[in-house]
Amino acid sequence: MSAPAFDRLFRAAGVTGWLYAADIDTGHEIGHGADDPMPTASMYKVPLLVTLARHADAGLLALTDRVTVTSHDRVSGPTGLSPMCDDVTISLRDLAYLMIAVSDNTAADKLLAQVGLDAVNATVRELGLDGTRVVQSAREMNDSMGRDTGHAWPFVDPDDIAKLSALDPARANRSTARQMAELFGMIWRDEAATARSCAWMRGVFNMQVWPHRLASGFPYDDVAVSGKTGTLPTLRCESGVVEYPDGGRYAVSVFTRSFSTALNQPRADAVIGTAARMAVDHLRR
């Protein structure tokens, strides 16, 4: 059986693409540049969530613990706590919901302060994900872009894009399509934490609100798509799990870099879902 023509698909959408998909239960797989290091943008929040769950499993914290988010804690971003004006007292598990469901940068940095970068990197090492690394918070990522270009958002000039360390996997949070999908597979097989914690994480990922990337490839009421997106200038990505009513479960990760520097690129978003669907159809055959 010939592999899907991913190169042609990605080029037609105006992007370069990387992909990995695997049947969570059989291990059957398909990849396209699956082991190339890539910046993860907001997908670094996935190993952060796993680390939070493992800390809860070990009794180092309780997900019901409450913290107060102040104006000093707020990180720039359009969703969740980030654009709010007043102090908020909230549980760790509700911060985790905001971090994943709407990619709230403030919630992510508050949770990262709870567990620490060293713990997140210890988690990915223990899970065998040696190509995955978290080296900066959302605030540090945002600050680096202003520092690299000398101005604030937006970043659309090609010369500015070339300067962004946030897009350099040697200097930024990084992983590969294979390892992001593998991490989701571990969560769905109850291997990333206790079964109870993995079930909680699966529920959180299923509440992600963005329908325009992975989910766009599976527009069916009886197919569940759970995942986490990531976005930076010219970078769009999503990793997650697609579940069919016959019990088939597929971990998928797609990264794209667009040829254009425009902020709005619906074709680049949609091709993530199209490529994921092609990969899953291939595995299901």
(request) Can you sort out the partners of Arg249 under side chain to side chain donor-acceptor pair (under 3.5 Å), two or more places apart, ordered by chain and number? (result)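 Asp25.
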
(request) Using side chain to side chain donor-acceptor pair (under 3.5 Å) as the criterion, list what pairs up with Thr194, not counting sequence neighbours. (result)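 Thr194 satisfies side chain to side chain donor-acceptor pair (under 3.5 Å) with Asp57, Ser197 only.
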
Heavy-atom closest pair, residues [X] and [Y]:
{"X": "Val223", "Y": "Pro245", "value": "CG2-CD, 4.2 Å"}
{"X": "Met145", "Y": "Pro233", "value": "SD-CD, 4.0 Å"}
{"X": "Ala268", "Y": "Thr256", "value": "O-OG1, 4.2 Å"}
{"X": "Ala276", "Y": "Leu214", "value": "CB-CD2, 3.4 Å"}
{"X": "Thr68", "Y": "Thr89", "value": "OG1-OG1, 2.9 Å"}
{"X": "Ala108", "Y": "Tyr44", "value": "CB-OH, 3.6 Å"}

(request) Using a cut-off of 6.0 Å, state whether more than 12 heavy atoms not belonging to His212 lie near its atom NE2. (result)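 Yes, enclosed.
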
(message) If you count heavy atoms of other groups shown closer than 6.0 angstrom to CZ of Arg196, is the number above 12?
(response)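 12 or below, so no.
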
Say you draw a straight line from [atom1] of [X] to [atom2] of [Y]; how long is it, rounded to the nearest 0.5 Å?
{"X": "Leu235", "Y": "Ser42", "atom1": "CG", "atom2": "OG", "result": "10.0 Å"}
{"X": "Leu95", "Y": "Arg93", "atom1": "CG", "atom2": "CZ", "result": "12.0 Å"}
{"X": "Gln179", "Y": "Arg133", "atom1": "CD", "atom2": "CZ", "result": "13.0 Å"}
{"X": "Leu19", "Y": "Phe255", "atom1": "CG", "atom2": "CZ", "result": "10.5 Å"}
{"X": "Leu52", "Y": "Leu92", "atom1": "CG", "atom2": "CG", "result": "6.0 Å"}
{"X": "Phe184", "Y": "Arg202", "atom1": "CZ", "atom2": "CZ", "result": "12.0 Å"}

With the 4.5 Å side-chain cut-off for hydrophobic clustering, are [X] and [Y] part of the same group?
{"X": "Leu183", "Y": "Leu111", "result": "yes"}
{"X": "Val75", "Y": "Leu48", "result": "no"}
{"X": "Met38", "Y": "Ile272", "result": "no"}
{"X": "Leu283", "Y": "Trp188", "result": "no"}
{"X": "Met180", "Y": "Phe6", "result": "no"}

Flag side-chain contact, heavy atom, 4.5 Å: [X] against [Y]:
{"X": "Thr261", "Y": "Asp157", "answer": "no"}
{"X": "Thr51", "Y": "Leu49", "answer": "no"}
{"X": "Glu243", "Y": "Asn206", "answer": "no"}
{"X": "Val46", "Y": "Phe205", "answer": "yes"}
{"X": "Thr40", "Y": "Ser175", "answer": "yes"}
{"X": "Tyr97", "Y": "Ile90", "answer": "no"}
{"X": "Ile100", "Y": "Met207", "answer": "no"}
{"X": "His32", "Y": "Asp7", "answer": "yes"}

Under the salt bridge (Lys or Arg N to Asp or Glu O under 4.0 Å) rule, what pairs show up with a residue in [range], not counting sequence neighbours?
{"range": "residues 104-120", "answer": "Asp73-Lys110"}
{"range": "residues 209-226", "answer": "Arg213-Asp269"}
{"range": "residues 253-264", "answer": "none"}

List for me each residue that meets side chain to side chain contact (heavy atoms under 4.5 Å, CB included) alongside [X], sequence neighbours excluded, and say none if there are none.
{"X": "Arg284", "result": "Tyr244, Asp246, Tyr250, Val280"}
{"X": "Ala113", "result": "none"}
{"X": "Ala22", "result": "Tyr20, Glu29"}

Closer than 3.5 angstrom, by distance alone: can the side chain of [X] be matched with the main-chain N or O of [Y] as a donor-acceptor pair?
{"X": "Asp190", "Y": "Cys198", "result": "no"}
{"X": "Glu182", "Y": "Leu129", "result": "no"}
{"X": "Arg74", "Y": "Leu81", "result": "yes"}
{"X": "Gln265", "Y": "Ser258", "result": "no"}
{"X": "Ser82", "Y": "Pro78", "result": "no"}
{"X": "Asn173", "Y": "Ala41", "result": "no"}
{"X": "Asp65", "Y": "Ala62", "result": "yes"}

Residues 159-166 side chain polar contacts: donor-acceptor under 3.5 Å, at least two apart:
residue	atom	partner	partner atom	Å
Asp160	OD2	His151	NE2	2.6
Ser165	OG	Asp148	OD2	2.8

(request) List the steps and the verdict of side chain to side chain contact (heavy atoms under 4.5 Å, CB included) for Gln208 and Glu238. (result) CA-CA 11 Å; Gln208 184 188 230; Glu238 186 168 0; 2.8 Å; yes

(request) Any chance you could lay out the side chain to side chain contact (heavy atoms under 4.5 Å, CB included) test for Lys228 and Val204, step after step, and finish with the verdict? (result) CA-CA 10 Å; Lys228 179 72 195 78; Val204 174; over 6 Å; no

(request) Can you tell me which residue pairs pass the side chain to side chain donor-acceptor pair (under 3.5 Å) test with a partner in residues 8-19, sequence neighbours excluded? (result)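 Sorted pair list: Trp18-Asp36.
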
(request) Quick one: list whatever passes salt bridge (charged side-chain N to carboxylate O under 4.0 Å, His left out) with Arg171, sequence neighbours left out. (result)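 Asp168.
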
(message) Taking salt bridge (charged side-chain N to carboxylate O under 4.0 Å, His left out) as the definition, give me every residue that meets it alongside Asp35, ordered by chain and number, with sequence neighbours left out.
(response)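 With sequence neighbours excluded, Asp35 shows a salt bridge (charged side-chain N to carboxylate O under 4.0 Å, His left out) to Arg178, given in chain and number order.
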
(request) Could you check Leu117 against Val135 for side chain to side chain contact (heavy atoms under 4.5 Å, CB included), going step by step and ending with a plain yes or no? (result) CA-CA 7 Å; Leu117 279 172; Val135 299; 5.8 Å; no

(message) Check Arg277 with Asp281, please: is the shortest side-chain N to carboxylate O separation under 4.0 Å?
(response)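 Between Arg277 and Asp281 there is a salt bridge, with a charged N closer than 4.0 Å to a carboxylate O.
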
